[in-house]
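One structure is given below, encoded as structure tokens.
FYI, the numbering just counts along the sequence from 1. Indexing begins at 1, ligand by ligand and atom by atom, following the structure's order. In this text, all values refer to a predicted model and were calculated from it rather than measured experimentally.
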Amino acid sequence: MSALQSISGKSHAAGAETYDVVVVGAGFAGMYMLHRLRGLGLSVRVYEQGGDVGGTWYWNRYPGARCDVESMQYSYSFSDELQQEWDWSERYAPQPEILKYANHVADRFNLRSDIKLNTRVDRAIFDENANQWSVTTSGGNTVTTKYVVLATGCLSNARMPDIKGLAGFKGKVYHTGHWPHEPIDFTGQRVGVIGTGSSAIQSVPIIAEQASHLTIFQRTANFSIPARNALLSAQERQSWRADYPEIRRKAREETRNGIYTEVPDRGALDDGDNERRARYEARWARGGLTFMSVYNNLALDKAANDTAADFVREKIAEIVRDPQTAKLLQPNNHPIGSKRICIDSDYFATFNRPNVTLVDIKSNPIEEILPTAVRTGGKDYEVDALVLATGFDAMTGSVAKIDIRGRDGQTLNRKWAEGPKTYLGLMSAGFPNLFIITGPGSPSVLSNMIVSIEQHVDWITDCIAWMRDRDLDSMEAKKDAEDNWVDHVNEVAQGTLYPQANSWYMGANIPGKPQIFMPYIGGVAIYRQICNDVAAKGYEGFVMTCAEQPRKMVAS
Ligand SMILES: Cc1cc2nc3c(=O)[nH]c(=O)nc-3n(C[C@H](O)[C@H](O)[C@H](O)COP(=O)(O)OP(=O)(O)OC[C@H]3O[C@@H](n4cnc5c(N)ncnc54)[C@H](O)[C@@H]3O)c2cc1C
């Protein structure tokens, strides 16, 4: 009998609770992972440090928070009943609605009984003799498990900036990624927002309507496209639903980013000026992330990219009345799309309001935060409240917070000190039976993440079932397969414009973090095919062993 077969169902061997699988995190990844593993009849325990399910949508409650992939696509596809019955109210659902959806999924699929909330996983240690993991949680409880799945999220470790004097600030300080649960009303207050990434771009127009004065401290100007958000009519929903099988299939199998849209088979320089402008105008009017799909070479060819970047810079200059402010808001140090492109509702127009000031902290970095002001460029900007829209330690931040020790006591943090190393973004050599969902080395944050999450969860589920059918109980990435994959990920990235930006894709927003392009840019369709081929070849590049013949390679 294999070890896995012997423990389907929670047990208390040797005093410690034992599970087949421990899943860390109860966002969209952790919830779907639980659902699929239950389908195999396995015993699963999900630990979630937050007070409820939903992950990103549990934590990010700042004003204006909403998805930037359209809701009809930013939603699970694994259950046709679910996608047919759920009504999205807007083109881009607001955070409360996405959180409601996450809760609906938890209830509809009876997931809650296996999810332990308010429980952080602090440590996971691999026991080579027993071929199992010991997982220790914040309460000091330790359980054992055959498999660990890290569904800890790519954007879940909020980055607190290290600014002199921040701790001594007298007013309230909020981080967009850790927003309070009760509504915050800034009416009559002088508010400072530090950062101008996606969360700031979403929240600034709303905070500006409440605040007596809003000061935005900008280090890097970002490209943003109008969202053109609107209510979804029943008819629009119905037309999506009717075409769902084909839309979902195309998003998975034919796109780079997991978002179904038409991509013309032509590059930006194939058109003359007038035709190109007309195409950009049409996508600008339509709004949304698919602006970047107007041509097929914007991420690859700098001259092509410049035409799109110039178009957006011109639009900013048209919208923002004060020429100096407009100039500051025009991104000029990275190709469009090489940092996560934002979508907004009236972000640039907000700078025409008399109660809004833009402060350039690239030329004059913040010197200090005083009890009631932010000091930069020798000037003090008085504020009653501060909003830190300073983003996340992306992709590796939440994994790094867990003390993970694999073979020979090696820690994952030590192994990844020069940058994350994985095979397919799914496993790291030396850490058997430890899977990562949307890990570095997979398309993850470059895609509609629900598409990538479902693909990883399905692959992991199939893999565990495959092992069970063959009485295998240990799986590990081979070092050479991992090295080759890391090289491939870098090689593909170098063929694009992405590494030209100091982005969080590169770890550039975290002082001291190695600057390596973390996600796999080959696209979700190609990546899916690679993962499927690996599985079809008996999980090529992985070593598998069985309990009766420890260490003996029985499949690779
Ligand atoms: C504001 C915002 C908007 C976004 N909009 C989009 C969008 O429109 N489209 C898109 O594709 N993506 C978007 N994303 C990315 C988003 O993170 C993913 O789409 C998706 O929600 C990720 O799900 P997940 O389950 O992988 O991770 P998360 O939702 O981040 O969930 C991970 C969970 O793991 C928990 N966790 C982490 N470490 C531990 C630990 N040690 N112990 C216990 N629990 C732990 C966290 O508390 C968290 O709840 C957005 C992100 C943000 C921040």
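Under 3.5 Å, the side chains of S452 and S444 contain no donor-acceptor pair of N or O atoms.
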*Candidate pair K100 and E97, rule salt bridge (charged side-chain N to carboxylate O under 4.0 Å, His left out), full reasoning*: CA-CA 5 Å; K100 200 167 151 202; E97 190 171 328; over 6 Å; no
*Worked verdict on Y62 versus Q202 for side-chain hydrogen bond (donor to acceptor under 3.5 Å, both in side chains)*: CA-CA 9 Å; Y62 58 83; Q202 289 188 331; 2.6 Å; yes
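Residue-level proximity to ligand 1 for F392 is carried by the side chain, the only part with a heavy atom below 4.0 angstrom. Proximity of A151 to ligand 1, defined as any heavy-atom pair under 4.0 Å, is confined to the backbone N, CA, C and O atoms. Proximity of V69 to ligand 1, defined as any heavy-atom pair under 4.0 Å, is shared by backbone and side chain alike. When non-hydrogen atoms are compared, ligand 1 lies under 4.0 Å from neither the backbone nor the side chain of Y92.
Counting only non-hydrogen atoms, the option in K401, R66, M449 that gets closest to atom 11 (O) of ligand 1 is M449.
Counting the atoms of ligand 1 from 1 in the order shown, those under 4.0 Å from a heavy atom of G153 are 26 (O), 27 (O), 28 (P), 30 (O), 32 (C). Per-residue contacts place I402 under 4.0 angstrom from the following atoms of ligand 1 (heavy atoms of the residue considered): 41 (N). Short contacts between ligand 1 and Y47, defined as distances under 4.0 Å to a heavy atom of the residue, involve ligand atoms 43 (C), 44 (N). For ligand 1, the atoms closer than 4.0 angstrom to any heavy atom of C67 are 8 (O). Atom numbering of ligand 1 starts at 1 in the shown order; those under 4.0 Å from a heavy atom of G25 are 33 (C), 34 (O), 35 (C). The contact set between ligand 1 and T119, taken as ligand atoms under 4.0 Å from a residue heavy atom, comprises 43 (C). For ligand 1, the atoms sitting less than 4.0 Å from at least one non-hydrogen atom of S447 are 11 (O), numbered in the order shown with element in parentheses. Within ligand 1, counting atoms from 1 as listed, the ones closer than 4.0 Å to a heavy atom of S156 are 30 (O).
Using a cutoff of 4.0 Å between basic side-chain nitrogens and carboxylate oxygens, E476 and R407 are scored as salt-bridged. A salt bridge does not link D393 with K401: none of the charged nitrogens is closer than 4.0 Å to a carboxylate oxygen. Ion pairing of E454 with R248 is absent here, as no side-chain N (NZ or NE/NH1/NH2) approaches a carboxylate O to less than 4.0 Å.
Within the 4.0 Å heavy-atom cutoff, W57 counts among the residues contacting ligand 1.
When only interatomic distances are considered, the shortest N/O to N/O separation between Y62 and ligand 1 does not fall below 3.5 Å. Considering both main-chain and side-chain atoms, F28 comes within under 3.5 Å of ligand 1 through a nitrogen or oxygen pair. Between D68 and ligand 1, at least one N/O pair is under 3.5 Å apart. Between A29 and ligand 1, at least one N/O pair is under 3.5 Å apart. For the pair Q202 and ligand 1, the shortest N or O to N or O distance does not fall below 3.5 Å. Backbone and side-chain nitrogen or oxygen atoms of S398 are examined, and none is located within less than 3.5 angstrom of a nitrogen or oxygen of ligand 1. Residue V121 places at least one N or O, backbone or side chain, under 3.5 Å from an N or O of ligand 1. For ligand 1, the polar-atom distance check finds no N/O of R120 at less than 3.5 Å from any of the ligand's N/O atoms. An N or O contact shorter than 3.5 Å is missing between C154 and ligand 1 by distance.
Within the 4.5 Å cutoff, the side chain of V312 has heavy atoms near those of the W284 side chain.
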